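Below is one structure; the comments refer to it alone.
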Amino acid sequence: MPRSIDSRGWHSIVTVTSQPPDPGPGPIVGIVGGSRSDFPVLEAAVEVLGELGIPCELRVVSAHRTPDHLFRYAETAAARGLRIIIAGAGGAAHLPGMLAAKTQLPVIGVPVPTSDLGGLDSLLSIVQMPRGVPVATVAIGNATNAALLAAAILALGDPALADRLAARRAAQTASVLADLSNDTPLP
Ligand code: RP5
């Protein structure tokens, strides 16, 4: 333990305060689902954002079960450092639209597939926002594209991320061209 001598010549123990461990950058993309049952779909977005080095969080925020929580989440999102919200919900899927109504952050909606109507209900609920409050909507179940769209928006102000995104797309193109079975002539 380090010691020092004060003006009266007394030895005292110097307390060395260590900095708290760096928690790393906070999430800049908030991924929310109306229920944990949406997580298997939304985890694809977590994976893509992770590959691109974009910090994100995944939480349950339900428009009809926890409406006050939804308002708090949307109202505090920008101040917490979030730049984009990806919201997935199924059925009468008002989560993305309600979030968009309470924050100016871009909201990307993911229609979650449903057992009765295959997700067409979710798609129409999310995509048919009346004018004035937009929600960008991806295909049914396509959380991968939601993450890629979020990355493309963030890349506008982040050249290093733009490079990573371009490299990902180039690798995707190369993998299609490298698969010789894609080029088999028809009989
Ligand atoms: C919506 O209801 C959720 O987004 C989910 O897709 C759907 C069913 O929720 P659970 O009954 O599985 O919790 O709010």
Side-chain angles (χ1 to χ4, degrees), residues 23-156 161 164-165 168-169 172:
I28 59 172
V29 177
I31 306 173
V32 294
S35 165
R36 286 195 84 87
S37 64
D38 298 326
F39 280 12
V41 169
L42 296 175
E43 275 157 9
V46 176
E47 191 178 325
V48 170
L49 293 174
E51 285 166 13
L52 290 166
I54 300 171
C56 66
E57 63 181 12
L58 175 62
R59 297 185 181 200
V60 170
V61 176
S62 170
H64 62 285
R65 291 174 183 151
T66 63
D68 296 336
H69 180 47
L70 182 161
F71 274 34
R72 264 197 314 277
Y73 186 87
E75 285 169 346
T76 59
R80 286 199 300 117
L82 296 183
R83 309 267 311 275
I84 298 180
I85 296 175
I86 294 173
H94 27 248
L95 175 62
M98 286 305 296
L99 287 167
K102 294 293 285 182
T103 177
Q104 253 179 243
L105 295 177
V107 175
I108 303 171
V110 181
V112 171
T114 52
S115 51
D116 291 322
L117 297 171
L120 188 58
D121 43 353
S122 323
L123 172 66
L124 295 178
S125 297
I126 295 175
V127 79
Q128 287 288 34
M129 282 297 287
R131 71 178 152 220
V133 179
V135 169
T137 310
V138 296
I140 297 170
N142 202 332
T144 296
N145 272 3
L148 289 172
L149 181 56
I153 295 169
L154 293 168
L156 292 171
L161 174 57
R164 294 199 294 280
L165 205 49
R168 188 183 201 279
R169 200 172 279 198
Q172 179 173 262

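These figures come from a predicted structure and were not determined experimentally. Note that ligands are numbered from 1 as they come in the structure, with each ligand's atoms numbered from 1 the same way.
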Distance filter under 4.0 Å to Gly34 heavy atoms, resulting ligand 1 atoms: 3 (C), 4 (O)
Within reach of ligand 1, part of Arg36 (heavy-atom separation under 4.0 Å): neither
Minimum side-chain heavy-atom gap Val110-Ile126 below 4.5 Å: no
Crowding at CD, Glu57 (>12 non-hydrogen neighbours, <6.0 Å): yes
Side-chain heavy-atom pair Arg65, Ser35 within 4.5 angstrom cut-off: yes
For atom 13 (O) of ligand 1, the protein heavy atom that lies nearest, with its residue and separation: Ser35 OG, 2.6 Å
Over 12 foreign heavy atoms within 6.0 Å of CZ, Arg80: yes
Donor-acceptor contact present, side-chain Thr137 to main-chain Leu123, <3.5 Å: no
Distance from atom 8 (C) of ligand 1 to nearest protein heavy atom, with residue and atom: Ser37 OG, 4.1 Å
Spacing of CG belonging to Leu49 relative to CD1 belonging to Ile31, to within rounding of 0.5 Å: 5.0 Å
CZ/Arg168: more than 12 non-hydrogen atoms of other groups inside 6.0 Å: yes
Backbone or side-chain N or O of Val112 under 3.5 Å from ligand 1 N or O: no
Residue portion contacting ligand 1 (non-hydrogen atoms closer than 4.0 Å) for Ala89: both
Contact (N/O only, under 3.5 Å) between Asp38 and ligand 1: yes
For atom 11 (O) of ligand 1, closest protein heavy-atom neighbour: Arg65 NH2, 3.2 Å
Nearest neighbour in protein (non-hydrogen) for atom 7 (C) of ligand 1: Gly90 O, 4.1 Å
Ligand 1 atoms in contact with His64 (distance to a heavy atom under 4.0 Å): 14 (O)
